[in-house]
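Predicted, not measured: the structure shown is a model, and the values here were computed from it. The sequence lines fix the lettering, A, B, ..., with proteins before strands; numbering per chain opens at 1.
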Number of protein chains: 2
Amino acid sequence: MAMSEFQIARAGDFEGREITLRGWLYNLRESGKIRFPIFRDGSGLMQAVVSKAEVSEAVWQRVGELTQESSVLARGTIHREPRAPGGFELVLRDLEVLQRVPEDDPYPIAPKEHGVDFLLSHRHLWIRSARQSALLRIRHEVVRAIREFFDSRGFFLTDAPILTPAACEGTTTLFGLDYFDLGQAYLTQSGQLYVEATAAALGKVYCFGPTFRAEKSKTRRHLTEFWMVEPEVAFATLDDLMKLGEDLVCHIIERVLQRRRPELEALERDTKRLERIKPPFPRISYDEALKLLHEKGSQLPWGEDLGGADETLLSEHFEKPVIIHRYPTKAKAFYMEPDPARPELALCMDMLAPEGFGEIIGGSQRLSSYELLRQRLREHNLPEEAFGWYLDLRRYGSVPHGGFGLGIERTTAWIAGIPHIRETIPFPRLLYRIYP
Amino acid sequence: MAMSEFQIARAGDFEGREITLRGWLYNLRESGKIRFPIFRDGSGLMQAVVSKAEVSEAVWQRVGELTQESSVLARGTIHREPRAPGGFELVLRDLEVLQRVPEDDPYPIAPKEHGVDFLLSHRHLWIRSARQSALLRIRHEVVRAIREFFDSRGFFLTDAPILTPAACEGTTTLFGLDYFDLGQAYLTQSGQLYVEATAAALGKVYCFGPTFRAEKSKTRRHLTEFWMVEPEVAFATLDDLMKLGEDLVCHIIERVLQRRRPELEALERDTKRLERIKPPFPRISYDEALKLLHEKGSQLPWGEDLGGADETLLSEHFEKPVIIHRYPTKAKAFYMEPDPARPELALCMDMLAPEGFGEIIGGSQRLSSYELLRQRLREHNLPEEAFGWYLDLRRYGSVPHGGFGLGIERTTAWIAGIPHIRETIPFPRLLYRIYP
């Protein structure tokens, strides 16, 4: 576990040295008097070479009897080998088997095709596969890049509560639970209202946590539990927010390309498409987007929010993420600042990833007027007393401010190039799945 | 919002330059023909100087009429001023008031004493105070240091699910909710079981998210919703875990001392006590801890877990965090590996912070034997079918492994030197509080 210990991903640092690989058997090939076990240790895959002539009879036997996912300590020397995946291989000298998976109870995920339901039921094991572990390492890098981005720009992380007394946007898609003697509490759908308060305290903030939606939808873009980062910035305008989102997304792509090439290759991702993601991103108004949609055959009337199919159409039209700004107020949530030039529009924006992946960011300037916010609460039939603290933010030192939310799973799915977001989170929660 | 914009915390970079401070009035002093408004912008506090002779009558008036928490754009020049807090001051030239808090509805948190219940009900505003915002910036730095530590050591972040089907340690302290047609789900108390699965996939992992405990306790160390980081390491031994915890805590302390000196000063923290926190930490066995407790008058019988009072006693005895290892198996959770030398003891450890702050880390090696794990589930009356996936980790390539959990709020409270953890999280959730 010490820093100097061998890891497959850093094999190059150990060239020519005796090491102990602690891991699991991924696959075993045999060619006459040479055996090629492939091991995994969590950081990557490494081929070993075992020559019958050069190891003891016992070691030769133990290697031959290895079963998939048996755990081992494999000792030997690291050699450069351009033909091996990763460019290095282990010339094996000794092998200790920690637990041999028995033939009569073999590892359930064989290298054959399995149905997705079977795989999801075995998610605790499925994540060991080359593809799934690559996906999780990319997710890790996405999260790391996001935190790095905000921390280096002077943002403060302010965790929003998960248990909330009131609903941000209605209660129909909320998970409710009993909270001691205080009645019903709900799992958060967004930390936004709370980071508006912390932005007034700390200036530039973000929250980053799980959010929940009890939606009865079974699409490839929905999970009931998903992670979201939500920056919120005092004094920010809509233009600032579009720029911030653009910079953030470019930074994430850059870091993943820099640090997770082998993983992108394992997923056969066309990285050229990612390399093209540089600022500026196209920015089009809702009106322009609607025109484009109508040209493509959509019937969406002015005033309605884009649906999944509309987003896919737009998302396929651009090579880069596209920012759509200034949606009709009536299609959006109650807390958005109206455009002073056209009050029927909100100072909001969505960002759609290309290649049909759809929305990854949604954000806006927030209402800063106390009177207008009260009016909107009434129009939306929201109880003013539940929003008392939120109204306070407009009574005491209100400032222009705004922010957005970026979905981690949708962003990871796009970057990794996989169609269903259920594979981008270690243990997905879906309408019909809460196990394992 | 751009990087080049003025921030109080970076005032030194702007010495001699014209800037716009975007912020709020924190306080206003007057001395004849000079006014000293103190502004805050989220990153810190800055004194401004307004000389009647050098500004227009209108600006002089506007400054004089500023009320607490009114939002402003203050323009002027940054000067070095050793007597000012922070070492710089703003020589004010112009002032624009965005929203003036009216006298007949003043900012509710005046610089007088308020009761804690009042302050918690106004948490959305209370966080603007110098002490509370310093605490949140320290929390931010604690989290940042933790992620930096694990990311730089090759750990992968693998988020554990919040919605879980089964209970890790009994259901009495769980929040339950209806999960569509799948029956009851529970909010997680710990991601440990899940990171055991991801550690077998990725080697070294951690999860970092909110955890929940529906405990009816009203102590200064309890929240119903709190954040925890849980590293889990394949092939780690108890000694590895103690070292990892020690290194982690030292890294956090080092970073906070390095980056949050002004905040520690604002909280009047005795930083000498933190500067002493260097490895190695004392490591004592449960048996040794019990001996020490008995000398101090405790009556705790062998075999029982330490209570809060015992932890405080031990915590006050040492200048550094103390690691207590090898508790009796019967006092601990079902999943711990027994000590081969004395099977009545578990290979586990707790770390107690000094100065009476008590437990900040709890961890262990995990059971690696399939048979023994099944036996323990039976002994603890836990349903084997709910733990089927967890048992699978021992059927397919079981390896020695272990990890621990570190509580963010308890760690922050200790570092900041404040007695009650409710102030270390933006919006605390307590037995009798879920608002705001």
Answer with side chain, backbone, both or neither: which region of [X] has an atom nearer than 4.5 Å to a non-hydrogen atom of chain B?
X: Phe427(A); value: both
X: Leu25(A); value: neither
X: Trp126(A); value: neither
X: Phe180(A); value: side chain
X: Ala214(A); value: both
X: Arg429(A); value: both
X: Pro436(A); value: both
X: Leu182(A); value: side chain
X: Arg433(A); value: backbone
X: Pro428(A); value: neither
X: Phe208(A); value: backbone
X: Arg147(A); value: side chain
X: Gln184(A); value: neither
X: Leu125(A); value: side chain

May I ask you to decide whether [X] forms a salt bridge with [Y], counting only side-chain N to carboxylate O separations under 4.0 Å?
X: Asp239(B); Y: Lys243(B); answer: no
X: Glu141(B); Y: Arg255(B); answer: no
X: Asp41(B); Y: Arg22(B); answer: no
X: Glu409(B); Y: Arg139(B); answer: yes
X: Asp247(A); Y: Arg153(A); answer: yes

Please tell me whether [X] and [Y] have a donor and an acceptor in their side chains that are separated by less than 3.5 angstrom.
X: Asp151(B); Y: Tyr206(B); value: yes
X: Arg394(A); Y: Gln99(B); value: no
X: Thr158(B); Y: Thr198(B); value: yes

Counting heavy-atom pairs closer than 4.5 Å to chain A, which one of [options] comes out on top?
options: Leu187(B), Val205(B), Ile425(B), Val72(B); answer: Leu187(B)
options: Ser398(B), Ala9(B), Pro102(B); answer: Ser398(B)
options: Asp159(B), Leu177(B), Leu431(B); answer: Asp159(B)
options: Gly388(B), Ser71(B), Gly397(B), Ala185(B); answer: Gly397(B)
options: Cys207(B), Ala201(B), Gly203(B); answer: Ala201(B)
options: Arg123(B), His124(B), Arg137(B), Glu196(B); answer: His124(B)

task: Would you confirm whether the ring centroid of Trp24(A) sits within less than 6.0 angstrom of the ring centroid of Phe235(B)?
output: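 Yes: the rings meet the under 6.0 Å criterion.
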
Ring-ring centroid check Phe175(A) Tyr179(B), cutoff 6.0 Å: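 Phe175(A) vs Tyr179(B): aromatic centres under 6.0 Å.
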
Do [X] and [Y] come close enough that some side-chain heavy atom pair is under 4.5 Å?
X: Trp227(A); Y: Thr211(A); answer: no
X: Phe156(A); Y: Lys204(A); answer: no
X: Phe226(B); Y: Ile408(B); answer: no
X: Asp240(B); Y: Val233(B); answer: no
X: Gln68(A); Y: Val101(A); answer: no

In terms of heavy-atom pairs under 4.5 Å with chain B, which of [options] leads?
options: Arg395(A), Gln132(A), Lys216(A); answer: Arg395(A)
options: Gly209(A), Ala199(A), Gly176(A), Pro106(A); answer: Pro106(A)
options: Ser43(A), Ser129(A), Pro210(A), Ser70(A); answer: Pro210(A)
options: Gln7(A), Arg100(A), Arg40(A), Glu148(A); answer: Arg40(A)
options: Val399(A), Leu163(A), Leu98(A); answer: Leu163(A)
options: Leu393(A), Asp181(A), Leu136(A); answer: Leu393(A)

task: Tell me, for Leu430(B) versus chain A, whether the close heavy atoms (under 4.5 Å) come from the side chain, the backbone, both or neither.
output: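 Just its backbone gets close to chain A.
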
Steps toward side chain to side chain contact (heavy atoms under 4.5 Å, CB included) verdict (Arg144(B), His140(B)): CA-CA 6 Å; Arg144(B) 186 179 179 186; His140(B) 159 83; 4.2 Å; yes

